[in-house]
A.B. asks: 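Take a look at this one; I'll ask things after.
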Amino acid sequence: MPKYIVKMQSIEKAFGGNKVLHGVDFCLQKGSVHALLGENGTGKTTLMNILGGVVPCDKGEIYINGRKAVINSPSDAEEYNIAFIHQEIMLVNDLRIYENLFLGNELKHGVTINKKAMINKAKNILNNMGIDLDPTALTSTLTTSYKQIVEIASALLKKAKIIIMDEPTASLNPTEIERIFMIMETLQTKGVSFVFISHKLNEVLRICDHFTVMRDGKVVISDRLTSDIDEHQLASYMVGAELSFYSAYSPRTVGNKILETRNLSYKKDFANINITLHKSEIIGVTGLLGDGRSELFSTIYGCNSEYEGEIIVNGQKENITSTVIAKNLGISYLPNNRKEKGIIKDLSISKNMSISILDKLKRLLIIDRKAELFSNQDFIRKLNIKLHNLNNSILSLSGGNQQKVILAKTLSSKPNILILDNPTQGVDIAAKFEIYNIIVKLAESGVGIVILSNEPQEILSLCDRIYVMYQGKIRKEFNRDEASQKKIMIIATGGAL
Amino acid sequence: MLMKNILNKDNLKDFANQNSAFIAFMGLFMLAVITCGTTFLNIGNLMNILRNNSIIGIVSLGMTLVIINGSIDLSVGSQLALTALIALSIINSTQSIILGIILSLISAVVFGFITGWLVAKFNVPAFIVTLGTMTIYRSLSQYFFDGGGLLVSGKSAKAFISISNMNLFGVIPLPIIFWLILAFIISFFMSNTPTGRYIYAVGSNEKATRLSGININRVKVYTFIISGIFVSIAGIVEASRLGSINSASSGISYEMDAITSVVIGGTSMSGGRGKIIGTVFGTLTLGVINNMMNLFGVPPFLVGAVKGVIIIFAVLFQKRLNIKEND
């Protein structure tokens with residue numbers, strides 16, 4: 001009997017010219033819950049995608065139960081009893097639980113569907129998991145945690161012995177998380193092994209018995225998770241002992257308070273938020289998925305008119321119920337999902353860039369093309385946007401240049417409060433630093449800037465003050481000199497300093 | 001360098017995409033010339049095609065805006081009947097053509113506002129809202145005019161009728177001129193005014209447009225108001241052309257013809273993309289098809305089937321272009 005149910009050896013993988021895995025070894029013990037840790041972009045998801053058959057590896061070998069395995073597709077992975085549960089729930093809401101469980105593999109009497117057999121089998125599986133759930137209930141009536149459970153049941157139905165979970169708890173509340181953990185423990189005693197990808201270190205300590213930390217496509221450490229290892233230690237493995245990163249920061253004198261919120265709340269998204277922003281100041285807001293920061297600042301930009309509490313702009317209480325009002329108050333917002341909320345795909349580069357200021361570019365009722373061109377070219381120069389023709393589709397640009405075009409649009413209304421949600425999304429290192437420099441220059445010219453980011457490094461290299469959010473609340477405010485990546489990560493994961 | 005730019009794949013694709021309606025129309029036109037010869041290709045017949053389609057042509061212009069905006073308007077046919085009946089009854093009772101036209105336009109603005117407001121404010125799909133208003137307008141027309149028609153009468157009747165029955169330079173019927181002038185104006189509006197651009201932007205990505213600090217509800221309301229005005233103008237042209245409007249049958253299935261024109265014209269049903277000039281050629285294509293079938297003696301009951309086939313092919317063609325673009 002081999003010790004490891006999964007052994008991955010010297011795995012290498014490159015996307016295009018970009019090498020993301022540099023000879024990674026990974027072993028999973030039978031019946032264990034193994035945490036796979038690392039910051040964004042360290043290659044942990046790619047590694048698991050290789051195990052799950054989502055992408056093939058370039059080099060390296062995989063052994064399952066001691067025998068060499070060839071996994072080229074998700075159905076190959078299924079043959080080896082591997083199941084991958086993704087972060088997004090992949091159930092059809094309008095079907096019943098058992099219908100989802102058997103989707104694509106329905107049990108049949110000849111040509112007709114054998115409902116009874118499917119319901120019974122579903123009941124068995126759920127009972128084995130220790131879950132009291134009616135398999136005929138509609139999936140849409142379930143909460144997220146139960147949907148997650150149905151996904152696990154679906155994996156078990158396919159006889160999964162190895163279950164990979166990619167941030168399964170990201171959108172769950174503590175009781176729901178505990179429910180998932182209990183099921184994992186039950187299954188563990190039945191010989192199922194788990195790979196648990198998560199950013200929440202307190203959960204890792206709660207459920208996992210082994211851990212592997214990855215950084216820059218390499219394994220930093222892989223060991224048993226003994227009781228003497230704490231969140232601090234895990235966090236320092238993740239960021240590395242010595243932090244060397246580019247810092248665009250330079251001290252500035254900040255001016256008057258230009259934005260303030262008092263007990264700002266909106267539905268379940270965030271509650272009792274009190275923040276301030278001054279002229280020429282850069283503040284950072286960070287946290288994990290589901291911390292509510294994007295919802296908070298889209299509310300300040302007028303996206304959710306039914307908020308409670310107060311928003312004070314330039315000393316005056318304002319009722320910001322639409323994006324138009326926000327824009328007129330000098331607030332500008334760069335959305336976090338470029339494809340979905342940023343680019344207008346059917347419009348040209350030029351039209352995307354000037355859409356926010358058409359009312360300023362018009363003479364009588366007509367758009368002044370010369371003024372538009374002048375404004376476009378000004379931004380192309382300032383932001384160093386690389387393009388062939390302004391009239392081409394925005395989709396013809398690379399991700400980094402698309403992001404700069406959206407940034408140009410955001411800056412075009414000459415805001416004095418600038419909210420940048422994940423400003424360097426999908427942007428390469430060079431463009432990232434260019435964007436950092438632009439942000440610093442804007443702050444020097446008097447703009448108050450809010451940066452929302454899930455990369456503590458980004459926040460640390462730019463911000464004067466940092467708010468860390470956790471589940472819709474501000475958990476801690478740091479001054480620049482007292483913050484560190486490790487501290488931010490501990491607070492963001494729900495731990496205590 | 002220049003040549004390379006012109007011949008680059010994107011530009012060729014854009015050309016095919018933007019001019020598919022013109023290319024299709026020219027092909028069909030040639031086919032008609034070859035098969036029907038001078039029965040098709042003479043000034044009388046050509047003017048007939050243009051005049052017969054100018055009313056649908058005008059309605060289609062407004063429909064183009066609505067579809068580019070990512071909506072649809074099923075109520076244009078019954079709205080045309082109702083606003084034209086309003087114009088006729090005012091003209092008959094006051095003998096003022098101007099007053100009739102103005103009140104018809106005002107009612108169109110009100111109807112457009114109501115539709116746009118329901119769609120924008122309450123986020124009800126335009127398909128549902130206009131399905132409702134379609135039945136409401138038709139029912140109101142029939143209620144107020146007892147299901148019958150209204151003839152223009154009195155001393156202004158002759159002047160009113162002459163609006164659509166006069167020819168410019170003795171050859172070009174005025175409705176054609178109205179159609180082309182309106183096409184020119186709205187085309188200019190779409191490419192040169194902020195509102196025109198917002199209409200495209202909202203149809204392409206509503207969220208991103210809203211986050212750019214634009215009042216998207218206002219854009220949607222404007223779109224329906226403009227479309228309403230076009231419908232009202234088309235109604236007046238029709239009333240003048242025929243001298244009467246029937247509350248039960250006027251404007252029936254105009255929404256389908258208008259949508260067909262827009263789709264053949266290359267406007268994307270999912271919004272964000274399309275050209276007014278494409279819709280003009282779309283209407284003309286439909287007109288030439290009708291005319292050809294007429295000249296060939298195709299039974300009138302089969303005309304619908306042929307139109308149906310054409311609309312499906314137009315959409316398939318567009319889909320192919322879109323798939324290529326997304327690659």
Side-chain angles (χ1 to χ4, degrees), chain A residues 297-298 301-303 321-348 350-369 372 388-389 391-396 406 409-410 412-413 415 419 421, chain B residues 1-2 4-6 8-11 13-14 17-18 67-70 120-121 185 188-219 222 266-275 318 321-322 324-327:
Chain A
F297 283 92
S298 62
Y301 187 62
C303 291
T321 53
S322 80
T323 59
V324 183
I325 295 175
K327 188 169 87 173
N328 292 338
L329 286 169
I331 306 175
S332 203
Y333 174 75
L334 181 92
N336 58 358
N337 185 335
R338 180 174 63 235
K339 204 172 159 198
E340 212 182 283
K341 303 183 210 153
I343 58 176
I344 302 174
K345 68 178 190 328
D346 296 310
L347 299 192
S348 68
S350 159
K351 288 177 182 172
N352 264 288
M353 235 190 270
S354 45
I355 187 100
S356 280
I357 46 162
L358 289 183
D359 46 351
K360 285 181 197 155
L361 290 175
K362 71 180 180 201
R363 270 205 260 174
L364 292 173
L365 292 169
I366 312 296
I367 298 165
D368 183 344
R369 302 272 181 162
E372 185 181 18
H388 293 295
N389 186 340
N391 296 318
N392 282 350
S393 157
I394 177 119
L395 298 178
S396 69
I406 303 306
K409 169 175 84 177
T410 313
S412 65
S413 58
I419 300 163
D421 196 348
Chain B
M1 185 67 196
L2 183 71
K4 214 173 145 191
N5 256 336
I6 292 170
N8 106 11
K9 219 173 85 195
D10 289 338
N11 288 353
K13 225 167 22 186
D14 278 357
N17 207 347
Q18 285 168 11
I67 292 179
I68 288 176
N69 197 226
K121 195 78 189 173
I185 294 173
F188 183 84
F189 171 84
M190 286 302 278
S191 45
N192 291 293
T193 66
T195 307
R197 250 197 226 169
Y198 298 155
I199 290 174
Y200 280 105
V202 168
S204 178
N205 189 341
E206 196 177 310
K207 263 189 208 161
T209 310
R210 176 157 170 253
L211 291 173
S212 304
I214 288 149
N215 188 339
I216 57 169
N217 288 357
R218 188 170 5 173
V219 175
Y222 280 172
T267 293
S268 157
M269 281 301 278
S270 51
R273 239 176 313 163
K275 287 251 166 354
Q318 261 189 42
L321 284 175
N322 286 348
K324 276 183 194 157
E325 221 166 81
N326 287 339
D327 271 351

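Numbered from 1 within each chain, the chains take letters A, B, ... in sequence-line order.
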A.B. asks: Top residue by heavy-atom pair count (under 4.5 Å) with chain A, among R210(B), E206(B), K207(B)?
C.D. replies: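 When all of R210(B), E206(B), K207(B) are compared, R210(B) has the most.
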A.B. asks: What part of K351(A) lies closer than 4.5 angstrom to a heavy atom of chain B: side chain, backbone, both or neither?
C.D. replies: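 Its backbone and side chain both get close to chain B.
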A.B. asks: Closest heavy-atom contact between R197(B) and S354(A)?
C.D. replies: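 Distance-wise, the nearest heavy atoms are NH1-OG, 3.7 Å.
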A.B. asks: Measure I343(A) against the heavy atoms of chain B and call it side chain, backbone, both or neither at under 4.5 Å.
C.D. replies: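 For I343(A), the contact with chain B is made by the backbone alone.
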A.B. asks: Mind checking the CD1-OG1 spacing from I344(A) to T209(B)? Nearest 0.5 Å is all I need.
C.D. replies: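 One gets 3.5 Å once the value is rounded to the nearest 0.5 Å.
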A.B. asks: Can you list the residues that meet the ring-ring contact (aromatic ring centres under 6.0 Å, His included) rule with Y333(A), with sequence neighbours excluded?
C.D. replies: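 Only Y301(A) meet the ring-ring contact (aromatic ring centres under 6.0 Å, His included) criterion with Y333(A).
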A.B. asks: Taking everything shown except R218(B) itself, do over 12 heavy atoms lie less than 6.0 Å from its CZ?
C.D. replies: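 Not buried by this count: 12 neighbours or fewer within 6.0 Å.
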A.B. asks: T195(B), L211(B), N205(B): which one forms the most heavy-atom pairs within less than 4.5 Å of chain A?
C.D. replies: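 Heavy-atom pair counts peak at L211(B).
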A.B. asks: With a 4.5 angstrom heavy-atom cut-off, is it the side chain or the backbone of S191(B) that approaches chain A, or both, or neither?
C.D. replies: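 Interface part for S191(B): both.
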A.B. asks: On a heavy-atom basis, which atom in T323(A) and which in G213(B) lie closest, and how many Å separate them?
C.D. replies: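 Taking T323(A) first and G213(B) second, the nearest heavy atoms are OG1-CA, 3.7 Å.
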A.B. asks: Non-hydrogen contacts under 4.5 angstrom with chain B: give the residues of residues 359-366 of chain A involved, or none if there are none.
C.D. replies: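 Within residues 359-366 of chain A, the residues that come under 4.5 Å of chain B (heavy atoms only) are D359(A), K362(A), L365(A), I366(A).
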A.B. asks: Does N328(A) have any side-chain contact (heavy atoms from CB on, under 4.5 Å) partners at least two apart in sequence or in another chain, and if so, which?
C.D. replies: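 So N328(A) forms a side-chain contact (heavy atoms from CB on, under 4.5 Å) with V324(A).
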A.B. asks: Please classify the contact of F188(B) with chain A as side chain, backbone, both or neither, using a heavy-atom distance under 4.5 Å.
C.D. replies: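 Contact with chain A is through the side chain of F188(B) alone.
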A.B. asks: What residues, two or more places apart in sequence or in another chain, satisfy ring-ring contact (aromatic ring centres under 6.0 Å, His included) together with Y200(B)?
C.D. replies: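 Y200(B) satisfies ring-ring contact (aromatic ring centres under 6.0 Å, His included) with no residue once adjacent residues are dropped.
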A.B. asks: For the CG atom of N192(B) and the CZ atom of R369(A), what is their distance to the nearest 0.5 Å?
C.D. replies: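 Between atom CG of N192(B) and atom CZ of R369(A) there are 5.0 Å.
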A.B. asks: Taking all heavy atoms of S356(A) and all of S212(B), pick out the closest pair and write down the distance.
C.D. replies: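 Looking at all heavy atoms of both residues, the shortest contact is OG-O, 2.8 Å.
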A.B. asks: Work out which heavy atom in A208(B) is nearest to a heavy atom in G342(A); give both atom names and the distance.
C.D. replies: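 The answer is CB-O, 3.4 Å.
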